[in-house]
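The block underneath contains the structure these notes are about, expressed in structure tokens.
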Amino acid sequence: QVQLVESGGGLVQAGGSLRLSCAASGRTFSSYAMGWFRQTPGKERELVAALNWNGGITYYADSVKGRFTMSRDNAKSTVYLQMNSLKSEDTAVYYCAARPGYTIATQRGAYMYWGQGTQVTVSS
């Protein structure tokens, strides 16, 4: 069982930056692959970024490549999403998710544990 708590969301102007954090409970954090998803009203939750157990393999959605960076600190049981050059279309609720296993996953159904979400609003 893993509990995930996101933080760092807020209101930012277009072109600005935010860093989201996701703190995980449990002693086996390093055995989980992690992902960041986002969702806007009326749309499906979409994968933004993912990484494997040690952060050595990453995936980014085309819409955020070059602007977002996902990382993890297994000693702190925390994953991060650094978001730069934010655009209004990045406005969404961002969710952290954990998948038991060492390999990266891009399918939403592969993730077993979810945080409560944090709102990111980018004003133009």
Side-chain angles (χ1 to χ4, degrees):
Q1 185 82 14
V2 174
Q3 291 185 328
L4 305 172
V5 179
E6 302 99 334
S7 60
L11 174 65
V12 63
Q13 289 187 335
S17 298
L18 280 175
R19 188 175 83 153
L20 306 183
S21 299
C22 172
S25 65
R27 300 181 179 179
T28 59
F29 177 73
S30 60
S31 65
Y32 288 82
M34 301 296 295
W36 282 100
F37 291 75
R38 67 186 181 188
Q39 189 171 23
T40 54
K43 293 188 177 181
E44 289 192 356
R45 194 170 296 186
E46 64 172 357
L47 179 65
V48 174
L51 48 64
N52 69 333
W53 72 279
N54 65 355
I57 300 174
T58 56
Y59 165 88
Y60 296 98
D62 288 342
S63 58
V64 306
K65 277 182 183 176
R67 300 188 298 122
F68 289 12
T69 302
M70 184 176 181
S71 61
R72 67 189 296 163
D73 184 337
N74 285 344
K76 296 182 178 180
S77 297
T78 302
V79 292
Y80 306 96
L81 185 66
Q82 177 67 45
M83 305 185 295
N84 299 327
S85 303
L86 283 161
K87 306 175 181 179
S88 57
E89 50 263 44
D90 294 319
T91 295
V93 177
Y94 284 71
Y95 298 89
C96 171
R99 169 186 179 272
Y102 294 96
T103 58
I104 197 170
T106 58
Q107 298 83 13
R108 185 178 61 184
Y111 290 84
M112 183 176 295
Y113 304 104
W114 294 84
Q116 81 289 351
T118 185
Q119 176 71 46
V120 171
T121 303
V122 183
S123 62
S124 57

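The two residues Leu4 and Gln116 have their closest heavy-atom pair at O-OE1, 3.6 Å. In terms of heavy-atom proximity, Thr78 sits nearest to Ser21 at CG2-CB, 4.4 Å. Scanning all heavy atoms of the two residues, the minimum distance from Gly8 to Leu18 falls at O-CD2, 3.8 Å. The two residues Gln82 and Ser17 have their closest heavy-atom pair at NE2-CB, 4.0 Å. Ala105 and Ala110 get closest at one heavy-atom pair: CB-CB, 3.8 Å.
At least one side-chain heavy atom of Val64 sits under 4.5 Å from a side-chain heavy atom of Arg38. Looking only at side-chain heavy atoms (C-beta outward), Met70 and Tyr60 come within less than 4.5 Å of each other.
Pairs engaging residues 63-95 under the ring pair (Phe, Tyr, Trp, His ring centres under 6.0 Å) rule: none recorded [sequence neighbours left out]. Within the structure, no pair that satisfies the salt bridge (Lys or Arg N to Asp or Glu O under 4.0 Å) test touches residues 3-23, not counting sequence neighbours. Contacts classified as disulfide (SG to SG under 2.5 Å) and involving residues 55-94 (residues at least two apart or in different chains) are not found.
No more than 12 heavy atoms of other residues, nucleotides or ligands sit less than 6.0 Å from atom CD of Gln3.
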Donor-acceptor contacts, no H, no angles, side chain residues 97-104, under 3.5 Å, sequence neighbours left out:
from, atom 1, to, atom 2, distance (Å)
Arg99, NH1, Thr103, O, 2.8
Arg99, NH1, Thr103, OG1, 3.4

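Leu51 and Tyr113 fall within a single hydrophobic cluster, where Ile, Leu, Val, Met, Phe, Trp and Tyr are joined by side-chain heavy atoms under 4.5 Å apart, directly or via other members. Met112 and Val5 end up in different hydrophobic clusters when Ile, Leu, Val, Met, Phe, Trp and Tyr side chains are linked at under 4.5 Å. Cluster annotation: Val12 is connected to Leu81 through the hydrophobic network of ILVMFWY side chains, with a link wherever side-chain heavy atoms come within less than 4.5 Å. Cluster annotation: Val122 is connected to Val48 through the hydrophobic network of ILVMFWY side chains, with a link wherever side-chain heavy atoms come within less than 4.5 Å.
To the nearest 0.5 Å, atom CD of residue Gln119 and atom OG1 of residue Thr91 are 7.0 Å apart. The CD1 atom of Ile57 sits 4.5 Å away from atom CG of Asn52, with the distance rounded to the nearest 0.5 Å. To the nearest 0.5 Å, atom CG of residue Leu47 and atom OH of residue Tyr59 are 5.5 Å apart.
With sequence neighbours left out, Phe37 forms a ring pair (Phe, Tyr, Trp, His ring centres under 6.0 Å) with Tyr111, Trp114. With sequence neighbours left out, the side chain to side chain contact (heavy atoms under 4.5 Å, CB included) criterion links Lys43 to Thr40.
Between the side chain of Arg72 and the backbone N or O of Gly55, no donor-acceptor pair lies under 3.5 Å.
Checked for salt-bridge contact, Lys87 and Asp90 miss the test: no charged N lies under 4.0 Å from a carboxylate O.
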